[in-house]
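Below is one structure, written out as structure tokens, with a few remarks after it.
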Amino acid sequence: MKMLIVIYAGAEPDRVREALEGPPVGGYTMMEGAHGVGSTGPRLGTRAWPGESTIFFSFVPDEAAAVAADTVREVQAALPEGEGLHLAVLPLDLVV
């Protein structure tokens, strides 16, 4: 199994949500309103540092991880300027 972590900074998290609802992922957990600092600068949800991120988590079989990554890359390629999307694929030793 693999764990997908997708961090999206933009106005339309439905772009990512819809991609994760279809094959091969089929489901996710979503956390809205995440704050942090990265290569594009702070996103702290304040007037001085506006912006927030949405984080998606999903577990997929090993063979589905590459296809899921391709799907996320397609979403990333279609994003308007100023929006960001990052994907991490992590190994899972145990899911209970």
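All heavy atoms count here, side chains included; hydrogens, waters and symmetry mates do not.
With rounding to the nearest 0.5 Å, the separation of CZ in Phe59 from CG in Leu90 is 10.5 Å. Atom CZ of residue Phe56 and atom CZ of residue Arg17 lie 8.0 Å apart, to the nearest 0.5 angstrom. In this structure, CD on Glu12 lies 9.5 Å from CD on Glu18, to the nearest 0.5 angstrom. Atom-to-atom distance recorded for Ser58:OG and Glu21:CD is 11.0 Å, nearest 0.5 angstrom.
Within the 4.5 Å cutoff, side-chain heavy atoms of Ile55 are placed close to those of Ile5. Side chains of Leu79 and Tyr8 form a contact here, defined as non-hydrogen atoms less than 4.5 Å apart. The shortest side-chain heavy-atom distance between Glu52 and His35 falls under the 4.5 Å cut-off. Looking at Leu92 and Lys2, their side chains never come closer than 4.5 Å, going by heavy atoms from C-beta outward. Between Ile7 and Leu85, the closest side-chain pair of non-hydrogen atoms is not below 4.5 Å. Counting only heavy atoms from C-beta outward, the side chains of Glu81 and Glu83 never approach each other to under 4.5 Å. Two residues are said to be in side-chain contact when any heavy atoms from C-beta on lie closer than 4.5 Å; Leu4 and Leu87 meet this criterion.
Under a hydrophobic clustering in which Ile, Leu, Val, Met, Phe, Trp and Tyr are joined whenever their side-chain heavy atoms come within less than 4.5 Å, directly or via other members, Phe57 and Val95 fall into the same cluster. Residue Met3 is not grouped with residue Val25 when hydrophobic side chains (ILVMFWY) are merged at heavy-atom distances under 4.5 angstrom, including chains of intermediate members.
The two atoms that bring Thr71 and Ala19 nearest to each other are CG2-CB, 3.8 Å, heavy atoms only. For the residue pair Arg43 and Ser53, the shortest heavy atom distance occurs at CD-OG, 4.0 Å.
Counted within 6.0 Å of CE on Met31, heavy atoms from surrounding residues, nucleotides or ligands total 12 or fewer; the atom is thus considered open.
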